[in-house]
Amino acid sequence: MVGVVVDPDVLAPAGDGVELRDVIEVIDHEPFLPEAVVDLALWVGDYYASGPGEPLALAMPPAARRGERSSFRTRAIVELVQAPAVVKGAKQRRALELLADAAAPMALTDLVLQGVSAATVRTLARAGVVRLADEVTMRDPLAGGVGPHVWTLPADPTAAARELTTEQRAAFEALDAAASSGTFRAMLLHGVTGSGKTELYLRLAAAAVARGGRVLMLVPEIALTPAMAGVFRARFGEAIAIQHSALSDGERHDQWHRIRRGDIAIVVGTRSAVFAPLPDVRLIIVDEEHESSYKQEESPRYHGRDVAVMRARSAGALIVLGSATPSLESAANAGTGRYGLVRLTRRILDRPMATVQIVDMRTEYAAHGADVTLSAALVSAIDERLSRGEQTVVLLNRRGFATVVFCRQCGASLECPHCSVALTYHRAQRRVRCHYCNYAAAVPKRCGQCGGEYLEQSGFGTERLEADLRQRFPGARIARVDRDTVRRRGAMAGVLGSVARGDVDIVVGTQMIAKGHDFPAVTLVGVVSADVGLGLADFRAGERTFQLLTQVVGRAGRGDAPGQAIVQTLYPDHYSVRAAAAQDFDAFYAREMEFRRSLNYPPAVALINVVVKGRTLEQAMADATELAMLVRRAGGARRVVGPAPAALSKIKDEYRAQFFIKGSPRKSLRAALTAALDARPDLRRRTIVDVDPVSVI
Ligand code: ADP
Ligand code: ZN
C-alpha cells in the first residue's frame, strides 16, 4: 500500500477492526504534493464523500500512485574535456574529431551511429579525455506540435495583434481588473456563440503571466474540442503544458514535475488538471463551464468546475467560467451576486446569429409517412448549400442504425441480457449492441420470446441517417462523427481536419459535432429529432436539450455568409426547443428555474443521489429502503424522496434502487447520510453517493 502523509500530528486510530501496520519505507523526504493541492484533495474527499485516498491519487502522476520514485528518462552524453596531444588509434581519433566538431556534448547514441563504439568512448573517459554524464530527456507530448490525436488550426500570427471589439475590450477590462486584484473572485462570462470568448481567454492569460502569475485553463475534452489546446500552444509556445487522458505515463510524469518545478506558466487540461501542482495560480479559466464532462462519473464524483472555484478561493485568484449556455447553477450564482457577470451579446464583426426554423415532424409524418428522417425543408436547404459549395452539419444525438429491434408477432424487443435497455442495431457490424455495457450479438433469426420469424427494426440513429443522406445526395461528400466512427485515436482529428479543408460537404453526427468547433464555411445546421434527450427521466433533460440545440445552432454562420438552422422535432412547443430556436437564454432560464424551484431540484436546493446496488432488485430496494429510513430518522430540514428502482434498474448485471436527499445546507445532508452508512457499513461498497449529481439516471 502507498500512503500519503497529510498530517504528522495525529494519533493512530484505534478500536475493533483497526489493524496497524508498520511503515516499510518513506518514499519522499520532502512534500511530494504542494500544500494547496493536498488541501484541495482533502476538501474534495470530504465534500463528495469519497474519503481522501481517491482525490489524493488523482493529484499524483500514475507512477507515484504505484509508489514508484520519480524517474526521468536519461540518456548518456559525452563531453570533450581536453584534447590530448597524441592520440593512438584511428577509432579514438575519429571520436575526438566528432566531439571537437560538435559545439555541445554529444549523445552517446549519436557517436555510436557514426561508427564510434561505446567501448572506445569508455576508454577515452578512463583516460580523462572525455566525460560521460546522464542527461534528463523530457518526454514532451507536444514535441511534434500538439500531437497526432489533437487536431488544430494552423496558427494565425495576426490574431494576437488584432483589435478587440468594444464588447470584448469592456469584458477584458472588467475581468482583468478582478484578476489583478489579488483576491478571490468568480465571474461568469456569458457570451453568445461566436462572440470571441477564446480571444478573451488568451488575453487574460497573457496579462496574468505578464504579472508573474500562472494560469490554469480547464476544457471539457481535449480530443473533441481540440482547437483550444492548439490555439494556446500557438500563442504561448513552450510555456504551456497540455494535460489529458491520452498522454503516456512517462509524459505525465515529466509534465507533472515540470509543472511542480514552476517551469510551466499555463496548464491547459481536462477536469483532473484542476489538481495540477501549479504554483502561484492567479487565474483559472473554465471553458464551456456547463459541460457535463466536468463531472467525474466514478468515485470521487467531483465536478471539475466546482473544485476549480474552490481552488481559486484558496489561492485568492480569479476564476472565469465561460459559456454561451451557462449551467443553471452558475447562472443562479450570477443572479444572486455570488458570481460576477460579464456578458458578450454580439458575435464578432456583428455577424448575425443563425436564423432558426422549427419543423413539426408530426405534420411531416402525416404527409410522407412515419419513416422519414429528413424533412422537405431540410432537404432543400442542404441542396442549396451543395450548389453553393457551403457546408452543412446534421445533428442526431443517437448512434447506431436502428434503436429497437422487435418481434412483429409478440411485440417483445431485444434487450441486453445484462442491462435493462434495448439493444441498438449497428448495420456495418451486423450486430446488436448495448450502449451501456458493450454487449454485442448477431441479430437473431427468431424472437427469443415466441419464436416468431418476423423481427423488425424501428427508431433510427446516425448510421441510418448517414445512409439516408447518401441516398438522397449521391454526389455529396459525407462524413459521420460518433463514437463508432472515431473510436480510433486520431480519427476525430482526421475528420475535423477534412471539414476545415473543405473536403466534406455534410457532417452528420452526435453531440460530438455540436461542441466549440469554429468552421466558417458551415452555413446550415440541421437537427434531426431535437427531442432525443427530452424524454429521459432526469431533471436536467430540458437543460441539456437547450444547451445542445443552442450550441449546435451556434455552429452555423461563423464566417462571412449568414447561417441558417432547421430543427426537426415532435415537441415544437417545448420551452427548451423554443428558447434554443430563439437563442434566448434568459427565457429558458426563467422557465427552467421555475420548474427547479417548484419541484425542489438544484440549484434551488442541494441534492445527493444515493444508488444502492444489489444482486436482485428486491435486495437493492430493501437495502435502499432501510438506508433511506436511517437518513430520515436523522431528522432536520432535509427531505428524502424514494427509494424507487433507478431509471435504468439494471446495469452490468447489477440491480439499482435509488433515492434523493434534498435540502440545505449540503453539509447536513451529507452528515445524515454518513450517519446512516455508519449504521450499515456493509452497504458502503454497494452504495453510490453522488453529491451535486449531473445525471441521475
Ligand atoms: P466563441 O468561443 O465565443 O464561440 P470564438 O472565440 O471562437 O467565439 O470567436 C469566433 C471567431 O471570431 C473566431 O474565428 C475568432 O478567431 C474571431 N475573433 C475573435 N476575436 C476577434 C476580433 N477581435 N477581431 C476579429 N476576429 C475575432
Ligand atoms: Zn448491457
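When a ligand or atom number is given, it counts from 1 through the structure's own listing order.
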* State plainly whether the residues E289 and R305 are in salt-bridge range, i.e. N to O under 4.0 Å. => yes

* Under-4.0 Å heavy-atom contact with ligand 1, by part of L349 that carries it -> neither

* **Ligand-residue contact atoms, ligand 1 with T193, heavy atoms, under 4.0 Å** => 4 (O)

* Asked: So what does the C416 SG - the Zn ion (ligand 2) - C437 SG angle come to, to 10°?
  -> 100°

* Ion pair check, E167 and R343, cut-off under 4.0 Å -> no

* Asked: So, are E238 and R233 salt-bridged, with charged N and O less than 4.0 Å apart?
  -> yes

* Asked: Looking at E329 and K295, does any basic side-chain N land under 4.0 Å from a carboxylate oxygen?
  -> no

* Within the structure, does E163 bring an N/O atom to less than 3.5 angstrom of an N/O atom in ligand 1? -> yes

* Asked: Measuring from the heavy atoms of R558, does anything fall under 4.0 Å of ligand 1?
  -> yes

* Hey, which atoms in ligand 1 end up nearer than 4.0 Å to a heavy atom of L164? -> 23 (N)

* Asked: Is any NZ, NE, NH1 or NH2 atom of the basic residue among D503 and R501 found under 4.0 Å from an Asp or Glu carboxylate oxygen of the other?
  -> yes

* Asked: Is E199 paired with R235 through a side-chain N to carboxylate O contact shorter than 4.0 Å?
  -> yes

* **Options G554, P520, G196, ranked by nearest heavy atom to atom 8 (O) of ligand 1, top entry** => G196

* Has ligand 1 got any nitrogen or oxygen that is less than 3.5 angstrom from a nitrogen or oxygen of Q168? -> yes

* Asked: Is the H435-H426 ring centre distance short of 6.0 angstrom?
  -> yes

* Are L344 and ligand 1 in contact, using a heavy-atom cut-off of under 4.0 Å? -> no

* Asked: Within less than 2.8 Å of the Zn ion (ligand 2), any N, O or S from C419?
  -> yes

* Between the Zn ion (ligand 2) and C434, is there an N, O or S atom separated by less than 2.8 Å? -> yes

* To do: Could you say whether the N/O atoms of G191 and ligand 1 ever approach to under 3.5 Å?
  => no

* To do: With heavy atoms only and a cut-off of under 4.0 Å, state how K197 meets ligand 1: side chain, backbone, both or neither.
  => both

* To do: Could you label the plane-to-plane angle of the F401 and Y425 rings as parallel, tilted or perpendicular, counting under 30° as parallel and over 60° as perpendicular?
  => perpendicular

* **E390/R388 salt bridge by N-O under 4.0 Å criterion** => yes

* Structure fact -> If we number the atoms of ligand 1 from 1 as shown, the ones under 4.0 Å from a heavy atom of V192 are 3 (O)

* Asked: Between I348 and ligand 1, does any nitrogen or oxygen pair lie at a separation below 3.5 Å?
  -> no

* Applying the side-chain hydrogen bond (donor to acceptor under 3.5 Å, both in side chains) test to R385, which of D505, T392, T523 qualifies? -> T523

* Asked: What atoms in ligand 1 come closer than 4.0 Å to a heavy atom of S195?
  -> 1 (P), 3 (O), 8 (O)

